[in-house]
Amino acid sequence: QVQLVESGGGLVQAGGSLRLSCAASGLTFGGYAMGWFRQAPGKEREFVAAISRSGLTTVYSDSVKGRFTISRDNGKNTVYLQMNSLKPEDTAVYYCAAEQTTVVHRTSGPYDYWGQGTQVTVSA
């Protein structure tokens with residue numbers, strides 16, 4: 001049974017930082033590209049960042065580029081999202097997702113597995 005478990009969310013002031021983690025089990029982690037998505041109240045789920053199986057390729061949405069960094073540790077079956085210079089508009093539930101693929105996708109459709117999400121709230 002595949003499980004993706006996010007952690008590290010919380011309440012932070014604007015300009016602050018958080019690091020999200022997503023621990024994967026039940027799959028061969030190194031065979032999966034990983035992505036982070038987020039969903040704010042009343043809005044559709046949107047792409048945040050993704051990383052290839054090896055970690056050599058990363059992609060970001062324009063809204064987080066330069067502020068967020070995605071990384072992975074295949075030995076620990078974990079993907080991370082370091083979030084710096086947080087803004088109130090970053091407030092959302094953040095989800096990690098896994099896709100068994102050699103490429104990296106910005107859309108949610110191709111992803112095979114999803115976590116339950118972790119809340120990030122940024123106060124002004």
Side-chain angles (χ1 to χ4, degrees):
Q1 180 182 358
V2 175
Q3 281 193 312
L4 302 177
V5 180
E6 302 95 337
S7 62
L11 174 64
V12 64
Q13 288 187 332
S17 298
L18 284 174
R19 188 175 84 150
L20 305 184
S21 299
C22 171
S25 60
L27 51 73
T28 305
F29 187 70
Y32 285 76
M34 300 297 295
W36 285 98
F37 292 77
R38 67 186 182 186
Q39 188 166 18
K43 295 187 177 181
E44 293 188 352
R45 190 171 297 187
E46 66 171 352
F47 170 77
V48 175
I51 188 167
S52 63
R53 299 183 305 178
S54 65
L56 293 178
T57 299
T58 57
V59 294
Y60 298 90
S61 69
D62 289 343
S63 62
V64 307
K65 194 176 297 182
R67 299 188 298 122
F68 291 10
T69 302
I70 188 171
S71 61
R72 66 189 295 160
D73 185 336
N74 285 353
K76 295 183 178 180
N77 287 4
T78 301
V79 62
Y80 305 97
L81 186 68
Q82 177 67 44
M83 305 186 296
N84 299 328
S85 302
L86 282 161
K87 304 175 181 180
E89 51 264 43
D90 294 318
T91 295
V93 177
Y94 283 71
Y95 300 89
C96 71
E99 182 191 358
Q100 191 171 26
T101 180
T102 59
V103 298
V104 178
H105 288 115
R106 297 173 178 263
T107 55
S108 61
Y111 285 83
D112 303 304
Y113 302 105
W114 291 83
Q116 292 299 305
T118 186
Q119 175 70 47
V120 171
T121 303
V122 184
S123 62

One pair to check against side-chain contact (heavy atoms from CB on, under 4.5 Å): Q39 and Y95. What are the steps and the verdict? CA-CA 8 Å; Q39 188 166 18; Y95 300 89; 4.2 Å; yes
Looking at A14 and P88, what are the two nearest heavy atoms and their distance? CB-CD, 4.1 Å
Write down the atom of L4, the atom of A24, and the distance for their closest heavy-atom approach. CD2-CB, 3.5 Å
N/O donor-acceptor pair under 3.5 Å between T121 side chain and L11 backbone: no
Quick one, I51 and T57 - any side-chain contact, counting heavy atoms below 4.5 Å? no
Looking at OG of S52 and CD of E99, how far apart are the two atoms once the value is rounded to the nearest 0.5 Å? 12.0 Å
Sub-6.0 Å ring centroid separation between F37 and Y111: yes
Counting C-beta onward and ignoring hydrogens, is there a side-chain heavy-atom pair between V122 and Q13 closer than 4.5 Å? no
Hey, are the side chains of L86 and L18 touching, using non-hydrogen atoms and a 4.5 Å cut-off? yes
Check the hydrophobic clustering (I, L, V, M, F, W, Y; side-chain heavy atoms under 4.5 Å; chains of links allowed) and say if F47 and F68 are grouped together. no
Below 4.5 Å, heavy atoms only, C-beta onward: do L20 and E6 meet side chain to side chain? no
Do other residues, nucleotides or ligands put more than 12 heavy atoms under 6.0 Å from Q119 CD? yes
Treat each ILVMFWY residue as a node, draw an edge where side-chain heavy atoms are under 4.5 Å apart, and state whether Y113 and V79 are in one component. yes
Beyond-backbone contact of R45 with R38, side-chain heavy atoms, under 4.5 angstrom: no
Are K87 and D90 within salt-bridge range, i.e. N to O under 4.0 Å? no
I want to check something: taking the side chain as every heavy atom from C-beta on, are R19 and T69 in contact at a cut-off of under 4.5 Å? no
Evaluate the side-chain proximity of Q100 to P110: yes if any heavy-atom separation is below 4.5 Å, no if none is. no
Ignoring hydrogens and angles, tell me if any N or O in the side chain of T28 forms a donor-acceptor pair with the backbone of G30 under 3.5 Å. no
Rounded to the nearest 0.5 Å, what separates atom OG in S21 from atom CD in Q82? 9.5 Å
Nearest atoms (heavy-atom pairs only) where V2 meets G26: CG2-O, 3.4 Å
Would you say S63's side chain and S61's backbone share a donor-acceptor pair under 3.5 angstrom? no
Sorted by first residue and then second, give each ring-ring contact (aromatic ring centres under 6.0 Å, His included) pair with at least one member in residues 11-36; sequence neighbours left out. none
What pair of heavy atoms forms the shortest contact from I70 to M34, and how long is it? CD1-O, 4.0 Å
Closest heavy-atom pair, R53 versus A33, reported as atoms and distance to 0.1 Å, is CG-N, 3.7 Å
Of the non-hydrogen atoms in A40 and T91, which two are nearest, and what is the gap between them? CB-O, 3.6 Å
Side chains of Y60 and R67: does their closest heavy-atom pair fall under 4.5 Å? no
State whether the number of non-hydrogen atoms from other residues, nucleotides or ligands found under 6.0 Å of E89 atom CD is greater than 12. yes
Does a donor on one side chain sit under 3.5 Å from an acceptor on the other, for S17 and N84? yes
Taking the six-membered ring of Y80, is NZ or CZ of R72 closer than 6.0 Å to its centre and within 45° of its axis? no
